[in-house]
Amino acid sequence: MRKGLIYIDNTLKKKERTVLAGLSAACFDEHERSTDISMEELAALVETAGGEAVAMLIQNRATPDPRSFIGDGKVQELKELIEINECDMAVFDNELSPSQMRVLSEDLGVKVLDRSGLILDIFAQRAQTKEGQLQVELAQYKYLLPRLTGMWSHLVRQTASGGSSPIGTRGPGETQLETDRRHIRRKIQKLEEELAQVRKVRSTQRRLREKNSMPVVALVGYTNAGKSTLLNCLTGESIPANNRLFDTLDTTTRRLRLNETTEVLLSDTVGFIRKLPTHLIEAFKATLEELSYADVLLHVIDISNPEWEEQARVVDELIRQLGAEATPCIRLFNKCDAYMGILPHGDDIVCISAKTGEGADVLVKKLLEMLDRGHHHVNLVIPYTDAGIVDTLKREASIINMEYTDTGIEAEVIVTPEVFGRVKRFIPGYKEPKEEWEDD
């Protein structure tokens, strides 16, 4: 393969040469500012999308320029970089307004994308399932809607050669623009209805899992933290796990047996990233809402990455936005074999190497402990006159063993505190524990 070329679908295709630009404005929150780290991540995103980052520019100023975002002087500097490096595209690390994107595209003479548009492009390439494709399409339309105006500027140029159109020449452009807006709004409504149907199907599947007492463990984490490798390590599967951003978009779920009596569903979800477009979070809620129904979250953190604390903060914030902050969570520090410092320790923390399997047994033990918190492992003797309680146990408990004897139904079960309150009278010799203030 010749340098600068990539093969896609057996067709030789030249990589798009890209210049990166970012703004570190004093008025931005610290997490919104462009840094060397965020620009390196942007370069990795460009590579994931099939491009090649060949030049980089970071502008420092108090506030964004309302017209050109980085200021006219830097725009000229960026244009020179584009010409010197023969770039086809400019990608900005920050989110651009529709008008800024239009101005920059005209001034630079190349295609301009912001971080959100680039991520959407990657998602469009990677989504495999019908559900994933629906989610990406919805996010793209929401991204496109406010940017339509600039797409019809060619009609203005056709009807008037002097820049702004004279009275009487604006009709076709405006008519087409409004037609497109209505079309896109209809598409958004249709996609939202289809995704609502997906949610109904997921809800039905979830109820079936609850009926079968199958706990759900969801893998979450920053993109490229090693979630797919961990799923392979624990389940023995061979799901593709590559060293590139957003390699997993569609949720993968596998069964994992923790011991002789406990089996869970382990779900690998899409990786999170800083500055993830809001409409993308909204579009992916049909998949990510599984997090709020999970019994346990495994927050996978790449401890070998110098930015792991910031990456963990991003994931924690997105978990909060998705309403899953109350779900029990194990912080799983991955790639510990590549870390030279003192490893984190404490409650609900496990250090592991998904690549070598080191620490996997500790994780399984911790998972069992977390799933058993508040649960009761009991032996019951149920008289046949109360046999109706067996249906409750089948629906809401984990049945380890059940036998029908001459004296009644003998069952070994694991129950929640709520079910325990209903079955404790069937525990042979059970006595209510006394409170400290009660007399002996």
- Quick one: does R425's side chain get under 4.5 Å of D386's, heavy atoms only? yes
- Taking all heavy atoms of V112 and all of L104, pick out the closest pair and write down the distance. CG2-C, 3.9 Å
- Between S105 (side chain) and M101 (backbone), is there a donor-acceptor pair under 3.5 Å? no
- Checking L265, V264, T235 against R255 for side-chain contact (heavy atoms from CB on, under 4.5 Å), the one that qualifies is L265
- Message: Less than 3.5 Å apart, any donor N or O on the side chain of S34 or S24 sitting next to an acceptor on the other?
- Response: no
- Item | side chain to side chain contact (heavy atoms under 4.5 Å, CB included) assessment of F92 paired with L113 | CA-CA 6 Å; F92 281 73; L113 269 182; over 6 Å; no
- Is there a donor-acceptor contact under 3.5 Å from the side chain of D295 to the main chain of V216? yes
- Side chain to side chain, R313 and R274, heavy atoms closer than 4.5 Å: no
- Query: Mind checking whether Y384 and Y404 have parallel, tilted or perpendicular rings, split at 30° and 60°?
  - Reply: parallel
- Message: Please determine whether the number of non-hydrogen atoms from other residues, nucleotides or ligands lying under 6.0 Å from atom CD of E192 exceeds 12.
- Response: yes
- For residues V217 and L256, determine if any side-chain heavy atom of one lies less than 4.5 Å from a side-chain heavy atom of the other. no
- Query: Between I319 and V220, what is the shortest heavy-atom contact and its length?
  - Reply: CD1-CG2, 4.0 Å
- Can you check whether F28 reaches L23 side chain to side chain, under 4.5 Å on heavy atoms? yes
- Query: Under 3.5 Å, side chain of E52 to main-chain N/O of K15, donor-acceptor pair present?
  - Reply: no
- Item | Shortest non-hydrogen separation from S353 to C336 and the atoms involved | N-SG, 3.8 Å
- Query: Is the count of non-hydrogen atoms from other residues, nucleotides or ligands lying under 6.0 Å from N401 atom CG greater than 12?
  - Reply: yes
- Task: For residues P344 and I303, determine if any side-chain heavy atom of one lies less than 4.5 Å from a side-chain heavy atom of the other.
- Result: yes
- Query: Quick one: does E32's side chain have a donor or acceptor within less than 3.5 Å of a partner on D29's backbone?
  - Reply: yes
- So, do V423 and Y430 sit near enough that their side-chain heavy atoms are less than 4.5 Å apart? no
- Item | Stepwise side chain to side chain contact (heavy atoms under 4.5 Å, CB included) check, L195 with Q135 | CA-CA 7 Å; L195 281 171; Q135 291 165 333; 3.6 Å; yes
- Message: Is it the case that the side chain of N94 and the backbone of G22 share a donor-acceptor pair, with hydrogens and angles ignored and the cut-off at 3.5 Å?
- Response: no
- Flag side-chain contact, heavy atom, 4.5 Å: D65 against I70: no
- Side chain of R33, backbone of A26: donor and acceptor closer than 3.5 Å? yes
- If we ignore angles and hydrogens, is there a donor and acceptor under 3.5 Å between the side chains of D93 and S38? yes
- Closest heavy-atom pair and its distance - E16, T18: O-OG1, 3.3 Å
- Query: How far apart are the closest heavy atoms of Q140 and L120, and which atoms are they?
  - Reply: NE2-O, 4.0 Å
- Query: Does the pair I414 and I400 meet the rule for a side chain to side chain contact (heavy atoms under 4.5 Å, CB included), with working shown?
  - Reply: CA-CA 8 Å; I414 297 174; I400 299 168; 3.9 Å; yes
- Hey, mind stepping through R331 and D348 against side chain to side chain contact (heavy atoms under 4.5 Å, CB included) and telling me if it holds? CA-CA 6 Å; R331 290 172 83 83; D348 301 334; over 6 Å; no
- Check K335, K227, Q311 against D302 for a side-chain hydrogen bond (donor to acceptor under 3.5 Å, both in side chains) and give me the one that passes. K335
- Heavy-atom pair with the smallest gap, counting every atom of A338 and S304: CB-CB, 4.1 Å
- Member of I389, I409, V381 meeting the side-chain contact (heavy atoms from CB on, under 4.5 Å) criterion with F426: I389
- Query: Does R186 offer a backbone N or O that forms a donor-acceptor pair with the side chain of Y141 under 3.5 Å?
  - Reply: no
- Atom CG in N224, atom CG in N305: separation rounded to 0.5 Å? 9.0 Å
- Item | Lys/Arg N to Asp/Glu carboxylate O, E137 vs K190, below 4.0 Å | no
- Within a strict 4.5 Å, meaning less than it, do heavy atoms of the L367 and I330 side chains meet? yes
